[in-house]
Participant: 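First the structure, which I've put down as structure tokens, then a few questions once you've had a look.
Here is the naming used below: chain letters follow the sequence lines, and residue numbers restart at 1 for every chain. Heavy atoms only: backbone and side chains are in, while hydrogens, waters and symmetry mates are out.
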Protein chains: 4
Amino acid sequence: MEIAEASSTQKKIIDAAIKVFSEKGFEGATTSEIAQEAGVAEGTIFRHFDTKKGILQGILISAVTSFQRPQIMVSLARMIEKGEDHSCVSMVKEQLDVIEQQLPLLKLLFYEAQFHTEVQEIILEKIARPILDLLSQSIGKRKNMREFRCFDSNLMAITLISSLWGYVIWKQIASEEETIDEEEALIQVLHIWLKGVQANLHDC
Amino acid sequence: MEIAEASSTQKKIIDAAIKVFSEKGFEGATTSEIAQEAGVAEGTIFRHFDTKKGILQGILISAVTSFQRPQIMVSLARMIEKGEDHSCVSMVKEQLDVIEQQLPLLKLLFYEAQFHTEVQEIILEKIARPILDLLSQSIGKRKNMREFRCFDSNLMAITLISSLWGYVIWKQIASEEETIDEEEALIQVLHIWLKGVQANLHDC
Amino acid sequence: MEIAEASSTQKKIIDAAIKVFSEKGFEGATTSEIAQEAGVAEGTIFRHFDTKKGILQGILISAVTSFQRPQIMVSLARMIEKGEDHSCVSMVKEQLDVIEQQLPLLKLLFYEAQFHTEVQEIILEKIARPILDLLSQSIGKRKNMREFRCFDSNLMAITLISSLWGYVIWKQIASEEETIDEEEALIQVLHIWLKGVQANLHDC
Amino acid sequence: MEIAEASSTQKKIIDAAIKVFSEKGFEGATTSEIAQEAGVAEGTIFRHFDTKKGILQGILISAVTSFQRPQIMVSLARMIEKGEDHSCVSMVKEQLDVIEQQLPLLKLLFYEAQFHTEVQEIILEKIARPILDLLSQSIGKRKNMREFRCFDSNLMAITLISSLWGYVIWKQIASEEETIDEEEALIQVLHIWLKGVQANLHDC
DNA sequence: TATGAATGAGCTTTCATTCAT
DNA sequence: TATGAATGAAAGCTCATTCAT
């Protein structure tokens with residue numbers, strides 16, 4: 001399994017880079033630190049990636065695979081199509097925990113996108129757009145059934161995603177504060193959104 | 001007026017640093033670039049700030065003044081207390097534009113907060129917390145009047161703020177796309193939230 | 001004398017670089033070695049020259065000044081115009097010693113010219129061409145007086161220069177061998193050339 | 001025929017190294033580039049040569065074979081012994097073209113000789129000295145016949161070689177200029193030298 | 001106080017060389 | 001024997017910081 005082994009070095013570097021970039025930011029991280037974390041020589045990094053920026057793109061490519069159609073979004077879409085569903089909420093909760101673990105990576109990618117056009121384009125086309133489309137479609141179906149208000153579907157999707165995002169970020173920041181039960185909090189966030197987008201009888 | 005002059009130099013540096021940090025990020029920016037942008041010698045920077053990080057804190061301090069109780073939040077609080085108010089919406093819209101102009105700075109501060117504890121603390125205590133308290137209080141009043149659902153006030157506030165934040169970020173990213181009228185979009189976002197938090201008669 | 005001092009750092013670097021490049025070649029030399037030789041910090045080099053190659057160009061520029069119309073060539077031109085002149089020979093000898101001291105630098109510049117177009121162009125236009133023109137003109141005058149053969153003037157000049165160059169190089173390489181007296185050798189080289197280019201009565 | 005194959009690999013490496021060294025200089029060339037040019041793995045180079053410098057010596061050894069008694073020098077020696085001979089001139093011309101094709105290699109070897117004693121010694125003993133001896137002997141014979149001036153034989157030989165060398169280099173550098181016919185130029189160079197060394201009746 | 005040349009530690013990157021396969 | 005991934009020392013270069021003026 002030579003190929004597997006070859007790519008295993010690459011994987012080690014990617015994993016180390018995710019860790020170090022997440023902790024220090026892209027510019028704040030050093031290749032020597034990444035090498036050490038990966039347990040390889042610094043020169044080895046540059047046999048696998050042309051430049052330091054190349055590592056970032058490598059991370060992105062590997063991230064695209066796992067974020068392109070994240071399970072949480074599929075669950076959310078299902079929840080939207082079927083109306084609120086408590087079994088669904090617990091699934092969403094579970095998957096939100098996964099997202100939280102990757103929060104530093106996500107923040108890194110979204111932030112660095114400002115400075116690296118290639119990164120921005122890939123994130124937009126391969127991550128943000130597919131997710132948004134997925135949710136927009138589900139939202140559109142409910143709109144057609146007159147169950148959701150006839151607002152802009154994208155906007156409704158964004159409202160949902162950013163509410164969840166805001167909740168996750170807040171949990172991180174205010175970690176030591178007295179907060180309500182996590183599952184309860186998630187339910188409240190989803191309830192607010194669901195009720196917010198529900199159509200009145202005489203709407204539209 | 002030497003003091004005035006000194007502080008004017010300081011202001012020039014702060015302004016230049018905001019520009020350069022916003023464009024390149026904190027680590028990506030160089031003090032020499034900031035000096036050039038400010039029209040001062042590189043050494044001069046270090047008469048006003050001990051270290052590069054000191055400039056970031058300087059920015060933060062000057063930002064705290066303008067963000068501590070930003071007009072937009074006051075308007076939002078008023079809107080919450082009085083119920084939806086169209087005159088209020090147009091004010092919110094106006095102030096959201098101001099926010100948008102400072103978006104790079106805000107993103108910078110929020111992002112760098114991860115890596116610099118002092119920055120994080122100041123943002124939390126001087127910006128995030130006051131804003132959240134302001135909104136939470138207004139929300140609390142409506143809750144007491146049984147007009148808002150008896151959800152966690154902080155959570156409701158976060159849902160509102162992050163919906164608006166998400167909307168602003170999306171506008172930036174998807175700038176060239178066909179989007180609905182900005183004012184209409186803002187109204188939709190606020191409507192979703194307002195309806196989402198409104199109490200049913202038999203709630204709680 | 002601040003200006004003098006500022007440029008003195010630059011001069012120190014140039015002088016050190018001439019020494020190190022001459023000893024190790026351009027690629028074989030390191031900037032750290034140059035810095036050490038110059039007695040400055042390595043970083044200082046890059047305040048004065050953008051890149052390592054920039055140092056080479058800096059050397060060239062300073063060399064152009066001293067080689068553009070080297071005294072030896074003026075003496076040679078005079079010798080050519082007046083016919084052989086023993087006082088002239090001793091002057092040429094003297095100046096040839098100067099050239100010899102700068103031999104490593106000259107070899108460096110001529111050799112590196114192969115790899116750096118900018119260097120090549122400057123050497124050609126600012127050093128080689130003026131020298132060749134100077135000699136060609138003097139040769140031309142004698143040709144017009146029917147005292148020199150009607151060969152190509154440039155070619156005659158090249159024959160002279162390269163004979164001298166060959167002699168100097170040989171002296172270096174075969175330094176420890178028994179060689180004839182230097183002044184005598186020089187006279188012989190010049191005699192060969194002078195007799196070689198002299199016109200017969202019935203020439204042309 | 002493993003030995004034959006091995007040596008063929010070695011030859012491929014030598015040929016590639018000549019090309020790459022000629023184009024980039026010794027220090028400027030990389031072993032990876034040589035490997036690629038040779039169509040072998042980088043590691044393979046080090047099965048045939050201990051170090052990078054070893055390749056240079058390998059080149060030198062293979063060059064010694066072809067330069068030790070180059071045909072052009074034999075032709076020149078014959079020309080000297082017999083006096084000017086037009087059939088000889090055209091042969092010299094032909095062989096000078098061969099030299100020109102190997103000019104980069106020759107320049108490389110002569111230049112690098114400065115930095116590598118072993119290279120210098122081999123060039124001196126195996127190339128320069130034999131050539132010089134060959135010409136000196138022929139010159140000596142004419143001197144004995146009172147047909148050449150009683151100058152130092154080595155010096156006369158050097159004058160001849162460097163005139164030709166200077167001519168070849170000049171052709172390269174000033175390639176795009178209007179120059180006289182190559183054969184005519186060569187004849188002029190040789191005429192200048194021949195007439196320059198010819199004895200007057202009452203010489204010595 | 002403001003300057004900007006100098007600093008030197010530390011960065012990203014290169015490359016001759018090694019070695020398990 | 002040939003391979004090419006891995007190595008790590010050292011390269012060129014950057015930049016926050018200092019300090020004499």
Side-chain angles (χ1 to χ4, degrees), chain A residues 2 5-10 12-13 27-35 38-55, chain B residues 2-3 5-6 9-10 13 27-36 38-55, chain C residues 2 5-10 13 27-35 38-55, chain D residues 2-3 5-6 9-10 13 27-36 39-55:
Chain A
E2 272 159 324
E5 235 181 321
S7 80
S8 118
T9 300
Q10 197 147 332
K12 277 195 292 182
I13 295 169
E27 298 282 356
T30 69
T31 49
S32 109
E33 214 173 346
I34 294 169
V40 300
E42 201 166 356
T44 304
I45 288 180
F46 291 93
R47 294 204 124 254
H48 292 270
F49 304 94
D50 279 351
T51 60
K52 189 187 175 189
K53 199 172 185 174
I55 312 175
Chain B
E2 271 163 321
I3 294 165
E5 238 181 319
T9 299
Q10 199 148 331
I13 295 168
E27 296 283 356
T30 67
T31 50
S32 114
E33 212 174 347
I34 293 168
Q36 206 179 340
V40 301
E42 201 168 355
T44 305
I45 288 180
F46 291 90
R47 299 214 135 260
H48 292 271
F49 304 94
D50 279 352
T51 62
K52 189 189 178 189
K53 202 178 196 171
I55 312 176
Chain C
E2 273 161 325
E5 234 180 322
S7 80
S8 115
T9 299
Q10 197 147 332
I13 295 169
E27 297 283 356
T30 69
T31 49
S32 110
E33 213 174 345
I34 294 170
V40 300
E42 200 168 356
T44 305
I45 288 180
F46 293 93
R47 293 204 125 254
H48 292 270
F49 304 94
D50 278 353
T51 60
K52 189 187 176 189
K53 200 173 187 175
I55 312 176
Chain D
E2 270 162 325
I3 294 164
E5 237 182 316
T9 300
Q10 197 148 332
I13 294 169
E27 297 283 356
T30 68
T31 50
S32 114
E33 212 174 346
I34 294 168
Q36 205 178 341
V40 301
E42 201 168 354
T44 306
I45 289 181
F46 292 91
R47 300 213 136 259
H48 292 269
F49 304 94
D50 278 354
T51 61
K52 189 187 176 187
K53 202 177 194 171
I55 312 176

Participant: How long is the straight-line distance from NE2 of A:His48 back to CD1 of A:Ile55, given to the nearest 0.5 Å?
Facilitator: 11.0 Å
Participant: By nearest nucleotide on DNA chain E, pick out whichever of B:Gly39 and D:Asp50 is the more 5' one.
Facilitator: B:Gly39
Participant: Between C:Lys53 (NZ) and F:dC13 (C1'), how many Å, whole number?
Facilitator: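 Going from NZ in C:Lys53 over to C1' in F:dC13 covers 16 Å.
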Participant: How long is the straight-line distance from CD1 of D:Ile34 back to CD1 of D:Ile45, given to the nearest 0.5 Å?
Facilitator: 5.5 Å
Participant: When all nucleic acid strands are considered with a 4.0 Å heavy-atom cut-off, which category describes C:Ala35: base, sugar-phosphate, or nothing?
Facilitator: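 Result for C:Ala35 = nothing.
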Participant: Nearest nucleotide by nearest heavy atom, which residue falls closer to the 5' end of DNA chain E, C:Ile45 or A:Phe46?
Facilitator: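 The residue closer to the strand's 5' end, by nearest nucleotide, is C:Ile45.
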Participant: Please report, rounded to the nearest Å, how far the P atom of F:dA5 is from the NZ atom of A:Lys12.
Facilitator: 15 Å
Participant: Please state how far atom CD in C:Glu27 lies from atom P in E:dT14, giving the value in whole angstrom units.
Facilitator: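 Spelled out: CD on C:Glu27 to P on E:dT14 is 14 Å.
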Participant: Between C:Ser32 and A:Gly43, name the one whose nearest nucleotide on DNA chain F is closer to the 5' end.
Facilitator: A:Gly43
Participant: So does B:Thr9 get a side-chain nitrogen or oxygen closer than 4.0 Å to the phosphate oxygens (OP1/OP2) of E:dA2?
Facilitator: yes
Participant: Any donor-acceptor pair under 3.5 Å linking the side chain of C:Lys52 with the backbone of C:Ala29?
Facilitator: yes
Participant: Please determine whether a side-chain nitrogen or oxygen atom of C:Thr44 lies at a distance below 4.0 Å from atom OP1 or OP2 of E:dT7.
Facilitator: yes
Participant: Using the test side chain to side chain contact (heavy atoms under 4.5 Å, CB included), find all partners of D:Phe46 that sit at least two apart in sequence or belong to another chain.
Facilitator: D:Thr31
Participant: Side chain of C:Lys52 only, please: which of F:dA16, F:dG12, E:dT17 is the nearest?
Facilitator: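 Of the options given, the side chain of C:Lys52 lies nearest F:dG12.
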Participant: Which atom names give the shortest non-hydrogen contact between B:Glu42 and B:Ser32, and what distance separates them?
Facilitator: OE2-N, 3.3 Å
Participant: Would you please confirm or rule out a distance under 4.0 Å between OP1 or OP2 of E:dA6 and any side-chain N or O of C:His48?
Facilitator: yes
Participant: Checking contacts here: which listed nucleotide (E:dG8, E:dA16, F:dG4) is nearest the side-chain heavy atoms of C:Ala41?
Facilitator: E:dG8
Participant: Consider the side chain of D:Thr30, meaning its heavy atoms from C-beta on, and name the nucleotide among F:dG12, E:dC11, E:dC15 that approaches it most closely.
Facilitator: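 Of the candidates, E:dC15 comes closest.
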Participant: What is the distance from CZ of D:Phe49 to C1' of F:dT1, rounded to the nearest Å?
Facilitator: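 Atom CZ in D:Phe49 sits about 15 Å away from atom C1' in F:dT1.
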Participant: A side-chain contact here means heavy atoms from C-beta on lying under 4.5 Å apart; do A:Gln10 and A:Ile13 qualify?
Facilitator: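 Result no, sub-4.5 Å side-chain heavy-atom pair not found.
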Participant: Does A:Thr31 make a side-chain N or O approach to OP1 or OP2 of E:dT12 shorter than 4.0 Å?
Facilitator: yes
Participant: Strictly below 4.0 Å: does B:Thr51 bring a side-chain N or O up to OP1 or OP2 of F:dA16?
Facilitator: no
Participant: Convert the base pairs of DNA chain F into dot-bracket notation, remembering that pairs crossing earlier ones are written with [ ] and that bases paired across to another strand are shown as |; include only Watson-Crick or G-U pairs under 3.5 Å.
Facilitator: .||||||||||||||||||||
Participant: I need the C:Glu33 CD to C:Thr30 OG1 distance, nearest 0.5 Å.
Facilitator: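 So the CD of C:Glu33 and the OG1 of C:Thr30 are separated by 4.5 Å.
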Participant: Can you tell which of E:dA2, F:dG12, E:dA16 lies closest to the side chain of C:Glu42?
Facilitator: F:dG12
Participant: Is there a side-chain contact between B:Arg47 and the phosphate of E:dA2, meaning an N or O under 4.0 Å from OP1 or OP2?
Facilitator: no
